[in-house]
Structures are given as C-alpha cells and as structure tokens.
Novice: 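Structure incoming, see below.
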Amino acid sequence: EVRFVESGGGLVQAGGSLRLSCAASGFTFEDFAVSWFRQAPGKEREGVSCISSSDGNTYYADSVKGRFTVSSDNSKNTVYLQMNSLKPEDSAVYYCAAAVEDCSSDYTWVHVALYAYWGQGTQVTVSS
C-alpha cells in the first residue's frame, strides 16, 4: 500500500521558516517524481515544487523561487520542502504527491491530474 505521511506544518510569523517532510512507504522515490502542491481556501490546488526522479533536478513555481528548496533523502524515502521568508500568501494546506512522469522545465509537473498518489496534507499558516 502506497502511503505518504506529511509533517512540519504549523503557524509562523511572516519572514519565518518551516520545513515540511513527506515520508513515503509502499514505493521508492527513485521510481517517481515527487512534487509539493498547496491549496488555500477557495483556490485551486497549485504546484509549488518538483524534484526529478531521474537526475534530482528541482523546479519551482515563480511565486516561491529563491525562498523554497525541495530535497530528498532516498535512504529515508523522504522528501523535504524548506520554506524560508514565508509570506501570508503562502498560507495553505501543503500536499506531497508522486507521479510516474518525471518533472522537467516544461512545467507539466504542475498538472494535478498527473499524480497518482497524494498525502493527506499539512496546514501552513503565516501570520502578518
């Protein structure tokens, strides 16, 4: 059974940092691209970042470039999202997801329909 366990969300002041973790079981990250998405109330789910399964390259939405960093520890089957310089508009439920199709610079990785596996989400709230 494929399962994600996300953690690390919480309440932080603007300018602060959080690190989200996504621990997987039932499959290995080396076989899938893993992305982080977020969804704020009343808004569509949007792609935040992706880490490639083939070469470890990373990709980011323009809104988080320079502030967020995605990384993976294959020995722990865990993907992380380090979030710095947080803004109130970063507040959302953050999800990790896995897709067979690898991510690349063409930004197809932002399409929700590509992802077969999703975590339960972790709430991030940034106060002003």
Side-chain angles (χ1 to χ4, degrees):
E1 178 188 3
V2 174
R3 186 165 177 253
F4 286 110
V5 176
E6 293 146 334
S7 61
L11 174 64
V12 64
Q13 288 188 331
S17 299
L18 285 173
R19 188 176 82 153
L20 307 183
S21 299
C22 173
S25 59
F27 74 101
T28 59
F29 278 137
E30 293 168 329
D31 297 329
F32 294 84
V34 177
S35 291
W36 286 94
F37 286 78
R38 66 186 181 187
Q39 188 166 21
K43 295 188 177 181
E44 292 187 353
R45 194 167 296 190
E46 64 169 342
V48 173
S49 181
C50 184
I51 184 164
S52 167
S53 57
S54 60
D55 56 19
N57 283 348
T58 57
Y59 303 90
Y60 300 92
D62 288 343
S63 58
V64 306
K65 276 181 184 175
R67 301 187 298 122
F68 291 11
T69 303
V70 63
S71 62
S72 66
D73 184 339
N74 289 344
S75 68
K76 296 181 179 180
N77 231 28
T78 300
V79 171
Y80 304 96
L81 185 68
Q82 178 67 44
M83 306 186 296
N84 299 328
S85 301
L86 282 162
K87 305 174 182 180
E89 52 263 44
D90 294 318
S91 297
V93 177
Y94 282 71
Y95 301 88
C96 59
V100 173
E101 182 166 336
D102 205 359
C103 46
S104 67
S105 58
D106 66 3
Y107 283 90
T108 56
W109 59 268
V110 303
H111 297 300
V112 171
L114 291 178
Y115 294 85
Y117 305 108
W118 291 85
Q120 81 287 354
T122 185
Q123 177 71 49
V124 171
T125 304
V126 184
S127 63
S128 57

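Any value given below was found using the heavy atoms of this structure, including those in side chains, with hydrogens, waters and symmetry copies removed. Nothing here was measured: the structure is a model prediction, and the numbers come from that model.
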Novice: Are His111 and Ser35 side-chain neighbours, meaning at least one heavy-atom pair lies under 4.5 Å?
Specialist: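 Side-chain contact under 4.5 Å: no.
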Novice: Among Asp73, Leu20, Ile51, Val70, find the one that has a side-chain contact (heavy atoms from CB on, under 4.5 Å) with Tyr80.
Specialist: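 When side-chain contact (heavy atoms from CB on, under 4.5 Å) is applied between Tyr80 and each of Asp73, Leu20, Ile51, Val70, only Asp73 qualifies.
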Novice: Rounded to the nearest 0.5 Å, how far apart are CG of Asn77 and OG of Ser25?
Specialist: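 So the gap between those two atoms works out to 8.0 Å.
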Novice: Within the 4.5 Å heavy-atom criterion, are Tyr60 and Val48 side-chain neighbours or not?
Specialist: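 No, every pair of side-chain atoms sits at 4.5 Å or beyond.
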Novice: What distance separates Ser128 OG from Gln13 CD, expressed to the nearest 0.5 Å?
Specialist: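 One finds 9.5 Å between OG of Ser128 and CD of Gln13.
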Novice: Less than 4.0 Å between a side-chain N and a carboxylate O, is that true for Asp62 and Lys65?
Specialist: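 Yes, Lys65 and Asp62 are salt-bridged.
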Novice: For the residue pair Gln39 and Glu44, establish whether any side-chain heavy-atom pair is separated by less than 4.5 Å.
Specialist: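 Not in contact.
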Novice: With side chains defined as the heavy atoms from C-beta onward, is the minimum distance between Glu101 and Trp109 less than 4.5 Å?
Specialist: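 Sidechains of Trp109 and Glu101: no contact.
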Novice: Between Val100 and Val2, is there shared hydrophobic-cluster membership here, with clusters defined by ILVMFWY side-chain heavy atoms closer than 4.5 Å?
Specialist: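 Hydrophobic grouping puts Val100 with Val2.
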Novice: Kindly say whether Ser21 contributes a backbone atom to a donor-acceptor pair with the side chain of Glu6 at under 3.5 angstrom?
Specialist: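 Answer holds: no.
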Novice: Does any part of the side chain of Trp118, heavy atoms only, come nearer than 4.5 Å to the side chain of Val112, both counted from C-beta?
Specialist: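 SC-SC contact between Val112 and Trp118 confirmed.
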Novice: Passes ring-ring contact (aromatic ring centres under 6.0 Å, His included), Tyr115 versus Phe37? Steps please.
Specialist: CA-CA 11 Å; Tyr115 294 85; Phe37 286 78; 5.0 Å; yes
Novice: Hey, is the main chain of Ser53 close enough, under 3.5 Å, to the side chain of Asp102 for a donor-acceptor pair?
Specialist: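 Checked: pair present.
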Novice: Distance check, rounded to the nearest 0.5 Å: Tyr107 atom OH versus Cys50 atom SG?
Specialist: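 Separation between the atoms: 10.5 Å.
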Novice: Side-chain heavy atoms under 4.5 angstrom apart, residues restricted to Ile, Leu, Val, Met, Phe, Trp, Tyr: same cluster for Val34 and Tyr117?
Specialist: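 Per the 4.5 Å side-chain linkage, Val34 and Tyr117 are co-clustered.
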Novice: Under 3.5 Å, side chain of Thr78 to main-chain N/O of Lys76, donor-acceptor pair present?
Specialist: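 Looks like yes, one N/O pair under 3.5 Å.
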Novice: I'd like to know if the side chain of Gln82 and the backbone of Phe68 have a donor-acceptor N/O pair within less than 3.5 Å.
Specialist: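 Between the backbone of Phe68 and the side chain of Gln82 there is no qualifying donor-acceptor contact (under 3.5 Å).
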Novice: Go through it in stages, so that I can follow the logic: the residues are Ser105 and Tyr59, the test is side-chain hydrogen bond (donor to acceptor under 3.5 Å, both in side chains), and I'd like the CA-CA distance, side-chain angles, deciding distance and then a yes or no.
Specialist: CA-CA 7 Å; Ser105 58; Tyr59 303 90; 5.4 Å; no
Novice: Would you check if the side chain of Arg67 reaches a backbone N or O of Ser85 as a donor-acceptor pair within less than 3.5 Å?
Specialist: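 Yes: the side chain of Arg67 pairs with the backbone of Ser85.
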Novice: Is any side-chain heavy atom of Leu18 closer than 4.5 Å to a side-chain heavy atom of Val124?
Specialist: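 SC-SC contact between Leu18 and Val124 confirmed.
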Novice: Got Val79 and Trp36 here, is their nearest side-chain heavy-atom distance under 4.5 Å?
Specialist: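 Yes, at least one pair of side-chain atoms sits under 4.5 Å.
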Novice: Cation-pi between Arg45 and Tyr95: NZ/CZ under 6.0 Å from ring centre and within 45° of the ring axis?
Specialist: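 Yes, Arg45 sits over the ring of Tyr95.
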Novice: Tell me, do Leu81 and Thr69 make a side-chain contact under 4.5 Å, heavy atoms counted?
Specialist: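 No, every pair of side-chain atoms sits at 4.5 Å or beyond.
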Novice: Would a distance-only check, ignoring hydrogens and angles, find a side-chain to backbone donor-acceptor pair under 3.5 Å from Ser72 to Asn74?
Specialist: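 No, because the side chain of Ser72 does not come within donor-acceptor range (under 3.5 Å) of the backbone of Asn74.
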Novice: To the nearest 0.5 Å, what is the distance between CD on Gln120 and OG on Ser7?
Specialist: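 The distance works out to 8.5 Å.
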Novice: Would you confirm whether Ser91, through its side chain, and Val126, through its main-chain N or O, come within 3.5 Å as a donor-acceptor pair?
Specialist: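 Checked: pair present.
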Novice: Identify whether Val64 and Val93 are in the same connected component of the hydrophobic contact network (ILVMFWY, side-chain heavy atoms under 4.5 Å).
Specialist: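 In one cluster: no.
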Novice: Can you tell me how far OG of Ser71 sits from CZ of Arg19, rounded to the nearest 0.5 angstrom?
Specialist: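 Reported value, rounded in 0.5 Å steps: 7.0 Å.
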Novice: Which value, rounded to the nearest 0.5 Å, describes the distance between Thr125 atom OG1 and Asp90 atom CG?
Specialist: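 Atom-to-atom, Thr125:OG1 and Asp90:CG are 11.0 Å apart.
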